[in-house]
Amino acid sequence: MSTGKNTKGYETPNHPYQGERIAEESDLLSRYGLKNKEEFWRAQSELRNMRREARRLLGEAQGDVDAAQDAGAEFVTRLRRIGILGDNDDISTVLSLDVTDLLERRLQTVVYRQGFASSTQQARQFIVHGHITVNGARVTRPSVKVDVDDEGAIAFDETSPLADDLHPERAESQE
């Protein structure tokens, strides 16, 4: 039996009703094909944690970007590997990131952007139903962050009916 407390992996907004925030969230939900606001809030919390880590590293280095870069080498390397930071970006760039930068790196968005699906919702369905592989391994979680190196290794599962070029859903998405 676990003695620790279960904690949510996200924080909800402080104020329940703010028309502008709700409209912005709804727009991003539909644009990125998210299932519900919880997925959006998870991405926001992940971004908040990244910014917090960058601020901590910069604070410990007393504003010296190079020293902070060295101290947080693994952190920066991870962000570069998943494509959130470019090769020339330093740790201070993390502070100016937006939640859309994280949402763009989700498998669901990458599958849609590469033309495997005609919409983000269809991309989500293809992933959840096991039609998409990354490096030959079937992935069924749309929220997985795709490494830059793995972008070219996304394909339809060979056992999937969608692997056939003449499949109606696939033909529609290849227009």
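Predicted, not measured: the structure shown is a model, and the values here were computed from it. Worth knowing before you read on, the calculation uses all heavy atoms, side chains too, and leaves out hydrogens, waters and symmetry mates.
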Check: Step by step, would you call Arg42 with Lys8 a side-chain contact (heavy atoms from CB on, under 4.5 Å)?
Finding: CA-CA 9 Å; Arg42 281 184 192 280; Lys8 294 189 296 188; over 6 Å; no

In terms of heavy-atom contacts, Ala43 and Leu102 come closest through O-CD2, 3.3 Å

Using distance only, find each side-chain donor-acceptor pair of residues 125-134 under 3.5 Å and give its atom names and separation, not counting sequence neighbours.
unit_1 : atom_1 : unit_2 : atom_2 : d
His131 : ND1    : Ser160 : OG     : 2.6
Thr133 : OG1    : Ala155 : O      : 3.3

Taken in chain and number order and not counting sequence neighbours, the residues that satisfy side chain to side chain contact (heavy atoms under 4.5 Å, CB included) with Leu29 are Leu34, Lys37, Phe40

**Request:** Kindly say whether Ser143 contributes a backbone atom to a donor-acceptor pair with the side chain of Glu39 at under 3.5 angstrom?
**Result:** no

Closest non-hydrogen contact found for Ser30 with Gln121 is O-NE2, 3.5 Å

Note: Ile84 and Met50 closest approach over all heavy atoms is CD1-CE, 3.8 Å

*Just wondering, more than 12 heavy atoms not from Asp27 lying within 6.0 Å of its CG?*
yes

Across all chains, not counting sequence neighbours, the side-chain hydrogen bond (donor to acceptor under 3.5 Å, both in side chains) partners of Asp98 are Thr100

Sequence neighbours excluded, the answer for side-chain hydrogen bond (donor to acceptor under 3.5 Å, both in side chains) partners of Ser92 is Asp90

### Task
May I ask you to decide if Leu162's main-chain N or O and Glu169's side chain share a donor-acceptor pair within less than 3.5 Å?
no

Requested in this report: Give a yes or no answer on whether the side chain of Ser45 reaches the backbone of Glu11 with a donor-acceptor pair at less than 3.5 Å.
Outcome: yes

Heavy atoms of Ser119 and Gln122 approach each other most closely as OG-N, 3.0 Å

In terms of heavy-atom contacts, Leu107 and Val146 come closest through CA-CG2, 3.5 Å

Nearest heavy-atom contact between Pro13 and Glu25 is CG-OE2, 4.0 Å

The salt bridge (Lys or Arg N to Asp or Glu O under 4.0 Å) partners of Arg56 (sequence neighbours excluded) come to Glu53, Glu60

Residues at least two apart in sequence or cross-chain that pass salt bridge (Lys or Arg N to Asp or Glu O under 4.0 Å) with Arg80, listed by chain then number, are none

Sorted by chain and residue number, the salt bridge (Lys or Arg N to Asp or Glu O under 4.0 Å) partners of Lys35 (sequence neighbours excluded) come out as none

**Side-chain donor/acceptor of Asn36 to backbone N/O of Glu38, under 3.5 Å** = yes

Yes or no on side-chain contact (heavy atoms from CB on, under 4.5 Å) for Gln114 and Ile154, after CA distance, side-chain angles and deciding distance?
CA-CA 9 Å; Gln114 289 189 355; Ile154 296 174; 3.9 Å; yes

Just distance, no hydrogens or angles: give the donor-acceptor pairs under 3.5 Å from side chains in residues 64-78, sequence neighbours left out.
unit_1 : atom_1 : unit_2 : atom_2 : d
Asp64  : OD1    : Asp66  : N      : 3.3
Gln69  : OE1    : Ile91  : N      : 2.9
Thr77  : OG1    : Ala73  : O      : 2.6

Residues pairing under salt bridge (Lys or Arg N to Asp or Glu O under 4.0 Å) where one sits in residues 111-122, two or more places apart or in two chains, turn out to be Glu104-Arg113

- Query: Do Ile82 and Leu57 share a hydrophobic cluster (ILVMFWY, side-chain heavy atoms under 4.5 Å, transitive)?
  - Reply: yes

Applying side-chain hydrogen bond (donor to acceptor under 3.5 Å, both in side chains) to Ser96 and not counting sequence neighbours gives none

The side chain to side chain contact (heavy atoms under 4.5 Å, CB included) partners of Asn135 (sequence neighbours excluded) come to Asp150, Ala153

*Stepwise, does the side-chain contact (heavy atoms from CB on, under 4.5 Å) test hold for Asn49 with Gln44?*
CA-CA 9 Å; Asn49 291 337; Gln44 279 186 322; over 6 Å; no

Worksheet item: Does the distance from a Lys or Arg side-chain N to an Asp or Glu carboxylate O, for Glu46 and Lys145, drop under 4.0 Å?
Response: yes

Across all chains, not counting sequence neighbours, the salt bridge (Lys or Arg N to Asp or Glu O under 4.0 Å) partners of Asp87 are none

